[in-house]
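Structure record follows, encoded as structure tokens.
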Amino acid sequence: QAQPVESGGGSVQAGGSLTLSCVVSGVIHSDYCTSWFRQAPGKEREGVAGMNTGNGRTWYADSVKGRFTMSHDRAKKTSYLQMSGLNAEDAAMYYCAAGPSICHDDSWSRISYFRLWGQGTQVTVSS
């Protein structure tokens, strides 16, 4: 059973940068969708960025466009979320998810689409 494992969370000052990593251990299809979600206290989990690992097709939530960049290293089965210009609204638990197949416009941010979830990594932003 494949399992995503996140790392890289921490505490940063507003305006700072942080890079999260997600490695998928175990056996997984070579071409799949992996997305980053986040959940702040009292709020619903939301999709932040998603990518099809085969062709590199990437999606971003409007709230992070221009500030976050998602990438993937196929050899390492690891995805990255580079975050810059962080603000208080970005503070949350960040989760990595891997789908059963590739994503489309209507699935990259849909929680129910993903079968594999990591435990999350906390991002704190201080002013």
- Does the side chain of M83 reach to within under 4.5 Å of the side chain of V64, using non-hydrogen atoms? no
- For K76, does its backbone N or O pair with a side-chain atom of D73 as donor and acceptor, under 3.5 Å? yes
- Message: Below 30° counts as parallel, above 60° as perpendicular, anything between as tilted: where do the rings of F37 and F114 land?
- Response: perpendicular
- Check whether any side-chain heavy atom of Y113 sits under 4.5 Å from a side-chain heavy atom of C103, and report yes or no. yes
- Transitive ILVMFWY side-chain link Y94 to Y60, under 4.5 Å: yes
- Count the heavy atoms of every other residue, nucleotide or ligand shown that sit under 6.0 Å from CZ of R115, and state whether that count exceeds 12. no
- Task: Taking the side chain as every heavy atom from C-beta outward, state whether S107 and C33 have any atom pair closer than 4.5 Å.
- Result: no
- Quick one: is the NZ or CZ of R57 closer than 6.0 Å to the six-membered ring centre of W108, and within 45° of its axis? no
- Check whether any side-chain N or O of S21 sits under 3.5 Å from a backbone N or O of Y80 as a donor-acceptor pair, and report yes or no. no
- Query: With the 4.5 Å side-chain cut-off for hydrophobic clustering, are V48 and I111 part of the same group?
  - Reply: no
- Please check if the side chain of Q13 supplies one atom and the backbone of L86 the other of a donor-acceptor pair under 3.5 Å. no
- Message: Please find the pair of heavy atoms, one from T34 and one from C96, that lie closest to each other, and give the distance.
- Response: OG1-SG, 3.7 Å
- Message: What I'd like to find out is whether the side chain of Y32 reaches to under 4.5 Å of the side chain of P100, using heavy atoms alone.
- Response: no
- Item | Partner set under side-chain hydrogen bond (donor to acceptor under 3.5 Å, both in side chains) for Y95, not counting sequence neighbours | none
- Item | Under 3.5 Å donor-acceptor, H72 side chain and M51 backbone | no
- Taking all non-hydrogen atoms of both residues into account, name the closest pair between R38 and E46 and its distance. NE-OE2, 2.7 Å
Could you tabulate the donor-acceptor pairs under 3.5 Å formed by side-chain atoms of residues 118-127, not counting sequence neighbours?
{"unit_1": "T121", "atom_1": "OG1", "unit_2": "G9", "atom_2": "N", "d": "3.0"}
{"unit_1": "Q122", "atom_1": "NE2", "unit_2": "A92", "atom_2": "O", "d": "3.3"}
{"unit_1": "S126", "atom_1": "OG", "unit_2": "V12", "atom_2": "O", "d": "3.4"}

- Note on the structure: OG (S109) and CZ (R45) are apart, to the nearest 0.5 Å, by 13.5 Å
- Sidechain N-carboxylate O distance under 4.0 Å for D90, R67: yes
- Output yes when a side-chain donor or acceptor of N52 lies under 3.5 Å from a complementary backbone atom of G54, and no otherwise. no
- Which atom pair, heavy atoms only, marks the closest approach of D31 to R74? N-NH2, 4.3 Å
- Item | ILVMFWY cluster, W36 and L18 together (side-chain gap under 4.5 Å) | yes
